[in-house]
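Input: a single structure, listed below in structure tokens.
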Protein chains: 2
Amino acid sequence: MGATKTDHFTDKQNAIATLAKALGHPARVAIVDYLLKVDACICGDIVNELPLAQPTVSQHLKELKNAGIIKGEIEGNTICYCLDKNSIDKLQSYFANISIKLETKKKDCC
Amino acid sequence: MGATKTDHFTDKQNAIATLAKALGHPARVAIVDYLLKVDACICGDIVNELPLAQPTVSQHLKELKNAGIIKGEIEGNTICYCLDKNSIDKLQSYFANISIKLETKKKDCC
DNA sequence: AATCTTTATTGTAATATTGCAATATAAAAA
DNA sequence: TTTTTATATTGCAATATTACAATAAAGATT
């Protein structure tokens, strides 16, 4: 095998997994960090920021976009990619909820 | 190639990527959800909860543990795995920070 | 001790990911 | 229009992931 059985899990579980997976590579975390650092969407020099070749960066951007972490399109000679706050918030609230529930958990044997 | 160039990114980026990657599969999200739902650490029936064979579940648990999402050991006939609040909090604060920064961002072209 | 129960490990096949060179595409500049 | 600049796509090789059958390991039960 090797293919993930996504149809056996809930939509929410699949949604979280998709978002998390997109950030499961340091290059993509670095892209997110960069998009956050530069207070603009004209980010044509992501390639220069990363220790990766241009096609590789382009591929990572594509995956971030497919997962919904970033949005935007290219505009002429410059790309215009922004973080999608909606997706970030989904992740944030998912983990916040876990954290709160763990806080009030009685039995903690580990 | 195929190997990730982890040495070219910051420790924090690698740390976030490792945690996110561990949750980048719906089965592992389902395991986290289950560990949170059952208010105890004796969780010997995770296998019955998931649509996966026992070795596969064991492997996913191993990956969650390696990444630091869960902690614990087996105790006799029952496993005792708990969520590691520290890791969850790392993810939560990472995304919360992004969300806050996005909130106050001036230029949003997308 | 022999058996049962539970989890881990090994081996293997199928599939996915990562990375880049080469090339294509498309808008901007000359 | 030609050239430049910036990004995307294709094709391919190396590696990683996913899944499970078979088996091992180890504590619990009889």
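So that the names make sense, note that chain A is the first sequence line, chain B the second, and so on, each numbered from 1.
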Problem - C/dT6 phosphate, OP1 or OP2, under 4.0 Å from B/Y81 side-chain N/O - result: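 No, outside the criterion.
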Practice task
Describe, in one word, how the ring planes of A/H60 and A/H25 are oriented to each other, choosing from parallel (under 30°), tilted (30 to 60°) and perpendicular (over 60°).
Solution key: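 Ring orientation of A/H60 relative to A/H25: tilted.
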Handout entry: Ring geometry between A/F95 and B/F95 (parallel below 30°, tilted from 30 to 60°, perpendicular above 60°)
Key =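 Parallel: the ring planes of B/F95 and A/F95 meet at under 30°.
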Practice task
Identify the heavy atoms of B/A30 and A/F9 that sit nearest to each other, and give their distance.
Solution key: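 B/A30 and A/F9 have their closest heavy atoms at CB-CD2, 3.9 Å.
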Practice task
Write down the atom of A/D33, the atom of B/Q13, and the distance for their closest heavy-atom approach.
Solution key: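 That closest heavy-atom pairing would be OD2-NE2, 3.1 Å.
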Euclidean distance, atom [atom1] of residue [X] to atom [atom2] of [N] [Å, nearest integer]:
| X | N | atom1 | atom2 | value |
| --- | --- | --- | --- | --- |
| B/L23 | D/dT17 | CG | P | 15 Å |
| A/H25 | C/dT17 | NE2 | P | 12 Å |
| A/I70 | D/dA8 | CD1 | C1' | 13 Å |
| B/R28 | D/dT18 | CZ | C1' | 9 Å |

In terms of side-chain heavy atoms of [X], which of [options] is nearest?
| X | options | answer |
| --- | --- | --- |
| A/A53 | D/dA19, C/dC20, C/dT18 | C/dC20 |
| B/K21 | D/dT17, D/dA19, D/dA22 | D/dT17 |
| A/Q54 | C/dG19, D/dT7, C/dA8 | D/dT7 |
| A/L52 | D/dA22, C/dC20, C/dT17 | C/dC20 |
| B/T56 | D/dA19, C/dT18, D/dT9 | D/dA19 |

Handout entry: Test applied, side-chain contact (heavy atoms from CB on, under 4.5 Å); reference residue, B/L50; option that passes from B/D45, B/V57, B/T56
Key =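 Of the listed residues B/D45, B/V57, B/T56, the side-chain contact (heavy atoms from CB on, under 4.5 Å) partner of B/L50 is B/V57.
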Handout entry: Set of residues satisfying side chain to side chain donor-acceptor pair (under 3.5 Å) with respect to B/K85, sequence neighbours excluded
Key =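 B/K85 satisfies side chain to side chain donor-acceptor pair (under 3.5 Å) with A/S99, A/E103, B/D89 once adjacent residues are dropped.
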Exercise for the section: Specify the residues of residues 58-66 of chain B, ordered by number, for which at least one heavy atom lies under 4.0 angstrom from an atom of DNA chain C. Expected result: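 Within residues 58-66 of chain B, the residues near DNA chain C are B/S58, B/K62.
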